[in-house]
Number of protein chains: 2
Amino acid sequence: MASLTVENYLKAILQLAAATNSEWISTGQLATSLSVAPGTVTSMLKTLSESGLAAYKPYEGVCLTKAGRTLALRVLRRHRLLELFLVKTLSLTWDQVHAEAENMEHSVSDMLIERIDEYLGRPETDPHGDPIPSADGLMRGNATAAVPLSTCQALSKVRIVRVLNQQPDFLRYLSETGLEPGATALVELNSMEGGLISAKVGRKTVSLGHQAAEQLLVETVPQ
Amino acid sequence: MASLTVENYLKAILQLAAATNSEWISTGQLATSLSVAPGTVTSMLKTLSESGLAAYKPYEGVCLTKAGRTLALRVLRRHRLLELFLVKTLSLTWDQVHAEAENMEHSVSDMLIERIDEYLGRPETDPHGDPIPSADGLMRGNATAAVPLSTCQALSKVRIVRVLNQQPDFLRYLSETGLEPGATALVELNSMEGGLISAKVGRKTVSLGHQAAEQLLVETVPQ
DNA sequence: CAAATAGTTTTGACTGGTCAAAAAAACGAG
DNA sequence: CTCGTTTTTTTGACCAGTCAAAACTATTTG
Ligand SMILES: [Mn+2]
Ligand SMILES: [Mn+2]
Ligand SMILES: [Mn+2]
Ligand SMILES: [Mn+2]
């Protein structure tokens, strides 16, 4: 029903809102995120508003309605299930699946998504640790108390649960060093002054800048 | 590069040409096949012609160029590999996969298709027995001497290799009766006058009208 | 062969999505 | 507050894809 374009706008609004902890998103943020001219966004926001998918206040920004949020979550669900499916069945790597899912998310039926969900055993997170919205339109898994690796003290034992920066280069670097969701690491050093953090992963010790370590969400593991 | 619409037109031209054994396809045929107004087709044919994908002669019709044929075959390859992949991994039925692949065929990368091809073991035919164009742009498998079931004499033993009519209802009927590609059948009766043909499939005998039997391509099996 | 019919192209219009550049509004120092 | 900067909206234009209906060709058929 909703066009590919509308789906992309709604998903972008949802994700920007999540990333910035604020319901309202500005025209400019959307334009940047979608690589589109600001005027283009303005006109699309009017369209979304007219179709009841978003509330638009000129010069203030946009906010999803119930219906818009539901649709956005459905697209996000398709996206994340597809990512996991491609990793599981075809061994694509986690740095490849995003681009692939970005296109496919608009062209698979609900029936197919249900089959994929079933096949994967109703997973809760995608390959990047991002939560998969449930079939009934809820965003799950925001309960877990994950914190950025950059905030972890030396000697704490942690498990990586989510990666926020999903640039392919960064993801490949993480794969090389073993810092993937599910892996556990022992923090050996966290130096404010040096701006870096070292952790033992497997038998190797890897060091990351704070900037990078902020992008890794971990949960602490009882020793 | 080529839009979804262009891909659909090219694929339709290719398949109409195959179905009618003639390079040239009329505006009207395309309009029917794509469920679009004739005038719409005319203007798209000019576009295809300008981009070097097809040769268009007003009032005569259209014919794919080398480039157009290559692109059409790539789309068809994606379509058929996707169909088989969905059947194999998610147990979709052969009457469901066409609709699904019709949309997905435009949104999967060459890399993904290569992975699927590898995963499936470089298959030569899709779930309907249609040949899968090769990665280097050739239509394979036109060598086999398959004939319509309707032409088979009584007492001949045949293997079903391809189904031409792919209406979901028809396909489901075939599944019920076991007349799927790969299955063998023993022709018990082929009556011109009665206009029907009976064959033993497994332990059951099934009868088909000639119209339906024409849609089943078979190869004879040495007794 | 001419008239009727069938098929095709043209015309004019519309929608959805986009951009560049001009105009307007909001913001933030001083 | 007021001027200059940033952000947003408006304007006018464009492209792809589509339709309905009129105009035109081609093909039948009497
Ligand atoms: Mn997308
Ligand atoms: Mn993801
Ligand atoms: Mn298609
Ligand atoms: Mn098929």
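The chains referred to below are lettered A, B, ... by the order of the sequence lines, with proteins before strands, and numbering in each begins at 1.
Summarising the geometry, the separation between CG on A:Leu48 and P on C:dG17 is reported as 9 Å, rounded to the nearest angstrom. In this structure, the CG atom of B:Leu45 is 17 Å from the P atom of C:dG7, given to the nearest Å. Going from atom CD of A:Glu60 over to atom C1' of D:dT6 covers 17 Å, rounded to whole Å.
Counting only residues at least two apart or in different chains, ring-ring contact (aromatic ring centres under 6.0 Å, His included) contacts with residues 53-81 of chain B comprise B:His79-B:His98. Screening residues 4-17 of chain A for salt bridge (Lys or Arg N to Asp or Glu O under 4.0 Å) gives A:Glu7-A:Arg78, A:Lys11-A:Glu102, A:Lys11-A:Glu105 as the qualifying pairs, with residues at least two apart or on separate chains.
Each of B:Thr42 and A:Gly39 lies near DNA chain C, and the nucleotide nearest B:Thr42 is the one positioned closer to the 5' end.
Out of C:dA24, D:dC19, C:dG17, the shortest distance to the side chain of B:Val36 is found at D:dC19. Comparing atom distances between the A:Ala37 side chain and each of D:dT8, C:dC19, D:dC24 picks out C:dC19 as nearest.
Taking every heavy atom of residues 3-32 of chain B and every atom of DNA chain D, pairs under 4.0 Å involve B:Ser3, B:Thr5, B:Tyr9, by number.
Counting non-hydrogen atoms of other residues, nucleotides and ligands closer than 6.0 Å to CZ of A:Arg115 gives a total above 12. The local environment of CD in B:Glu23 is sparse, with at most 12 non-hydrogen atoms from other residues, nucleotides or ligands closer than 6.0 Å.
Nucleic acid contact class of B:Pro38 (heavy atoms, under 4.0 Å, all strands): base.
Contact record, A:Ile197 with A:Ala213: CG2-CB, 3.6 Å, taken as the closest heavy-atom pair.
Going from atom CZ of B:Arg122 over to atom CG of B:Asp117 covers 4.5 Å, rounded to the nearest 0.5 Å.
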